[in-house]
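Worth knowing before you read on, the calculation uses all heavy atoms, side chains too, and leaves out hydrogens, waters and symmetry mates. Keep in mind it's a predicted model, so treat the numbers as computed, not measured. Chain A is the first sequence line, chain B the second, and so forth, proteins listed ahead of strands; every chain is numbered from 1.
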Amino acid sequence: MSEHYLAQEIEAKWQQRWEATGIDAVAEDDARESYYCLVMFPYPSGNLHMGHVRNYCLGDAVARYKRMQGFNVLHPIGWDAFGLPAENAAIKHNRPPAEWTYANIDQMRVQLKGLGLSYDWSREIATCHPEYYRWEQWLFTKLMEKGLAYQANAEVNWCDPFHTVLANEQVVDGVCWRCDTAVQRKNLKQWFIRITDYAEELLADLDTLSGWPEKVVGMQRNWIGKSSGAEVSFGLEDSDATLDIFTTRPDTLMGVTYMAVAAAHPLAKKAAESNPQLAAFLDECSKISTKEADVETMEKKGMATGFNAIHPITGERVPVWVANFVLMGYGTGAVMSVPAHDARDFDFAKKYGLPIKQVIQQIGNVWDINAAAFTETGLLINSGEFDGTPSVQAKQDITAWLTAHEKGEERTQYRLRDWLVSRQRYWGAPIPVIHCDDCGAVAVQEDQLPVELPTHLQPTGGASPLTNCEAFKHADCPTCGKAAVRELDTFDTFMESSWYMNRYTSPRDAGAMVNADAVARWAPVDQYIGGVEHAVLHLLYARFYHKLMRDAGLFTSEQGGDEPFKNLLTQGMVLKDGTKMSKSKGNTVDPKAIIERFGADTARLFTLFAAPPEKELEWNDAAVEGSYRFLKRVWRLLEKLDNDEGSEDAAAVKAIRLSIHATIKKVTHAFEQGFAFNVAIAALMELSNSLQSYEPKGETGAAAYREGLQALATMLAPFVPHFACELGEKLGMEEVAVISAWPEVDEAALIQDEITIGVQVQGKRRGEITIAKDASQDDAMAAAQADSAIAKWLDGMQVVKVILVPGRLLNIVVKPA
RNA sequence: GCCGAGGUGGUGGAACUGGUAGACACAAGGGACUUAAAAUCCCUCGGACGCAAGUCUGUACGGGUUCGACUCCCGUCCUCGGUACCA
């Protein structure tokens with residue numbers, strides 16, 4: 001038996017066999033317990049990149065392991081097929097995005113199959129199919145009925161030369177990526193979904209997500225950003241209008257020395273009418289991108305409007321300024337400024353010579369208020385009747401005062417904003433609305449769905465081609481029948497990726513968005529796996545959408561749960577040269593080359609071995625070959641399979657069986673606790689090394705060797721399924737990657753009579769001793785004293801304390817006698 | 001800026017609940033086999049001193065807690081991800 005390991009041949013053989021037997025398709029009537037393993041579906045960019053490979057190898061390892069544990073595993077795949085890159089490619093190659101997208105899907109499907117991933121291909125979906133997005137349109141019309149979808153104005157990045165809206169990604173250093181022109185803010189009427197109505201539930205249910213990484217739960221909690229404070233109404237001099245603001249620090253209200261409003265605030269616009277300098281400043285403010293990072297890191301600037309607000313308690317006049325960091329649409333577009341107790345207000349006041357009035361005194365210390373803002377809590381000063389009150393109490397007292405005088409009230413505020421779902425783009429799902437001059441925005445009726453996107457249009461880089469597509473544009477008003485026009489915006493692609501996990505449970509259902517029985521059978525997803533970059537947006541929208549679907553009556557809490565993903569594994573990025581591998585950075589590694597050279601199993605093994613799943617993986621071409629060499633070494637273990645010459649060696653058999661079963665325990669633990677596959681594979685390598693140096697002697701010796709090889713083949717199956725199946729076949733086993741059961745630990749094999757532990761003196765390692773497994777502290781101490789290497793450190797010393805950590809070490813604390 | 005994560009040999013990483021730092025690999029160097037090469041096998045491999053035995057030192061940096069700290073606490077620096085129109 002000296003055949004070579006021929007990866008390509010083996011992989012083709014097993015892939016054909018799996019496809020022919022349809023082994024990965026799940027049956028609804030299967031009696032086994034259900035398990036739903038989901039990987040984040042890919043955007044069909046055309047080529048599988050290493051991030052995909054990592055994601056899908058992790059998912060496949062989990063799915064295969066669960067199958068081997070006896071579960072009926074749903075493991076589906078599909079395509080997140082709408083999006084900006086298709087439009088960019090369409091412009092570049094002068095062919096419609098649909099053509100490009102479908103060609104990419106075909107290409108990537110072949111690549112995925114080449115990796116030997118155990119997907120149920122009969123459930124494949126693509127979000128650009130009308131049969132898919134029609135249900136998203138349907139749900140949107142239901143949300144309109146409930147008032148959960150609405151229209152409002154919002155600012156976008158506008159490129160004037162191209163006459164188009166720019167995505168944040170297309171704004172580089174404040175200018176358009178293609179023409180280098182400074183972007184402008186433009187106010188457009190857009191569609192929103194009221195995710196803020198669900199803020200409280202989205203926040204509360206985070207506590208139920210025990211199977212999620214704490215960091216993701218924390219990030220979502222911060223993103224939702226619940227804060228309590230007060231809404232305060234400032235008067236306006238010579239006007240009946242008020243200037244309303246929200247503050248989390250009503251205790252600092254007496255320290256307000258100016259107000260700041262957004263450039264787009266009506267008050268700012270009004271002031272600019274008679275002030276050309278201010279008008280120029282507002283124009284300057286409109287040339288900042290809408291990215292939060294840009295807004296927060298730019299130089300803070302402002303200008304007085306000439307208007308004055310009236311302080312609600314003192315009645316004093318407070319100047320109103322325009323500030324470039326205050327944004328219209330976040331809250332009321334106005335803030336109160338307390339330079340003494342807010343770092344940003346402090347810097348702004350210093351810059352423009354505005355007064356700084358300290359109203360909170362640090363307890364037990366004198367704070368130099370001219371050096372820095374004091375942003376913690378303390379005792380009130382300079383606050384009239386509130387003097388001497390602690391901050392916490394003052395928050396309540398001042399809010400109560402405002403409430404009593406009808407100048408404010410207690411309020412809870414969320415950082416979370418409503419979800420803006422309309423995009424001024426072509427390659428997306430049409431928003432199912434018709435605009436009628438008489439009836440306004442009317443939802444398309446259910447029997448008229450889907451509103452199909454014309455797929456033949458060619459984007460030009462300017463306005464969406466839908467705006468010129470007469471055939472699409474015109475429709476009759478569903479209410480009055482008059483000629484009207486369709487909504488020409490399309491949905492944010494996060495809409496499609498927010499509910500695909502539920503659609504997979506009944507992907508071909510033509511009569512409903514999801515089938516409640518199928519949801520009951522599979523949902524929620526038992527294990528979701530995807531990139532950590534989705535920790536907030538995608539994962540928050542999907543949680544929200546799941547609740548929307550539940551509340552639309554598509555399934556009940558009992559059937560589908562209140563949360564879509566029970567357990568979450570956020571894999572780290574695949575990096576090259578220390579930065580995210582991405583097409584736009586041109587630092588991608590093509591998995592194809594690795595598969596062609598070493599085979600899919602080597603590619604799979606390496607991506608799982610090179611780093612723990614949740615950590616970033618720094619790509620290293622040279623290290624891949626090591627994984628290949630490991631497979632070859634395992635392969636050669638077959639050569640000793642039928643050896644049994646020599647006389648039985650009970651000690652060697654005991655040692656190898658200990659090694660086998662300790663490995664089973666370790667690898668199983670990796671699957672059950674946190675998916676440390678890199679450590680699991682290292683353990684399998686150690687077992688392989690042990691088997692390599694082991695000499696099978698006699699009948700029991702050969703039997704132990706076979707046991708070890710079979711365990712190795714079985715445990716390799718989730719990682720390198722083709723290799724494991726071939727190895728298993730040569731060992732006379734059933735198809736290990738699909739049928740065989742996961743090996744069980746023989747506890748008897750793990751029992752050791754003697755163990756070796758380290759010995760420390762003063763916490764420093766000075767030697768080791770071999771003692772009985774259950775030796776007492778005195779026995780261990782005696783053994784240590786009998787060891788000359790250790791004894792010399794005890795010479796002339798008095799033992800103060802002895803610490804025995806069972807199975808680990810002995811630490812002897814001494815002092816000079 | 002804000003939120004989150006991370007920093008351990010030349011490299012990727014391991015180290016259980018605070019308990020022998022560097023498992024398992026990669027790279028490198030040396031050797032065996034070979035006419036030669038590939039493949040394979042064996043040895044060395046954090047740093048300093050030392051012929052060696054060994055001793056000291058070492059987990060980004062500075063402090064602290066502890067019999068004992070990569071692990072816990074305080075502070076600093078750096079890198080990466082997200083930051084609502086990339087997906």
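Residues A/Asp489 and A/Gln424 bring a donor and an acceptor atom of their side chains to less than 3.5 Å of each other. Using modelled atom types, one finds a donor on one side chain and an acceptor on the other under 3.5 Å when comparing A/Asp418 with A/Tyr150. Side-chain atoms of A/Thr290 and A/Asn168 form a donor-acceptor pair, as typed in the model, at a separation below 3.5 Å. Between the side chains of A/Asn104 and A/Trp79, not a single donor N or O lies within less than 3.5 Å of an accepting N or O. Using modelled atom types, one finds a donor on one side chain and an acceptor on the other under 3.5 Å when comparing A/Gln571 with A/Asn55.
Listed pair A/Trp427 / B/C86 fails the phosphate criterion, with no side-chain N or O lying under 4.0 Å from OP1 or OP2. Residue A/Arg765 has no polar side-chain atom (N or O) positioned under 4.0 Å from OP1 or OP2 of B/C67. Residue A/Arg417 places no side-chain N or O under 4.0 Å from the OP1 or OP2 atom of B/C85. Not one side-chain nitrogen or oxygen of A/Asn168 sits closer than 4.0 Å to the OP1 or OP2 atom of B/U83.
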Taking Watson-Crick and G-U wobble contacts under 3.5 angstrom, with | marking pairs to another strand and [ ] crossing pairs, the secondary structure of RNA chain B is written (((((((..(((......[....))).(((((.......))))).((((....))))..(((((..]....))))))))))))....
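Applying the salt bridge (charged side-chain N to carboxylate O under 4.0 Å, His left out) test to A/Glu299 and every residue at least two apart in sequence or in another chain returns A/Lys351. Residues passing the side chain to side chain donor-acceptor pair (under 3.5 Å) test with A/Trp158 are A/Asp160, sequence neighbours excluded.
In this entry the distance linking CG of A/Asn811 with C1' of B/A69 reads 13 Å, nearest Å. Taking atom CZ on A/Arg185 and atom P on B/C85, their separation rounds to 13 Å, with Å as the unit. Remark: P of B/A23 and CZ of A/Phe677 are 23 Å apart, rounded to the nearest angstrom. To the nearest angstrom, P of B/U20 lies 13 Å from CG of A/Leu810. A straight line from CD of A/Gln571 to P of B/A5 spans 18 Å, rounded to a whole angstrom. Here the C1' atom of nucleotide B/G12 and the CG atom of A/Asp621 are 13 Å apart, to the nearest Å. Atom CD1 in A/Ile224 sits about 16 Å away from atom P in B/U83, given to the nearest Å. Residue A/Arg415 contributes atom CZ, which lies 7 Å from atom C1' of B/U83 at whole-angstrom precision.
Within the 4.5 Å cutoff, the side chain of A/Gln762 has no heavy atoms near those of the A/Ile812 side chain.
Counting non-hydrogen atoms under 4.0 angstrom, A/Thr607 reaches nothing in the nucleic acid. Counting non-hydrogen atoms under 4.0 angstrom, A/Phe609 reaches a base of the nucleic acid. Among the atoms of the strands shown, only primed sugar atoms or phosphate atoms (P, OP1, OP2) are found under 4.0 Å from some heavy atom of A/Gln692. Within the 4.0 angstrom heavy-atom criterion, base atoms lie near A/Leu416. When heavy atoms are screened at a 4.0 angstrom cut-off, A/Met573 is found touching the sugar-phosphate backbone but no base atom.
Nucleotides B/A37 and B/G30 are separated by 13 Å at their P atoms, to the nearest Å.
When each of B/G12, B/C56, B/A25 is scored by its nearest atom to the side-chain atoms of A/Arg633, the top-ranked nucleotide is B/A25. Which of B/A27, B/C41, B/A15 sits closest to the side chain of A/Arg636 comes down to B/C41. For A/Arg766, taking side-chain heavy atoms from C-beta onward, the closest of the listed nucleotides B/U55, B/C67, B/C24 is B/U55. With B/A27, B/A15, B/C24 as the choices, the nucleotide that has an atom nearest any side-chain atom of A/Ala682 turns out to be B/C24.
Geometrically, A/Arg604 does not engage A/Phe719 in a cation-pi contact, judged by NZ or CZ lying under 6.0 Å from the ring centre and within 45° of the ring axis.
Side-chain atoms of A/Gln424 come within donor-acceptor range of the base of B/C85, with a qualifying N/O pair under 3.5 Å. For B/C85, its base never sits under 3.5 Å from the side chain of A/Asp492 at any donor and acceptor pair. For B/G1, the base has a donor-acceptor partner in the side chain of A/Glu292 [N/O atoms by modelled type, under 3.5 angstrom].
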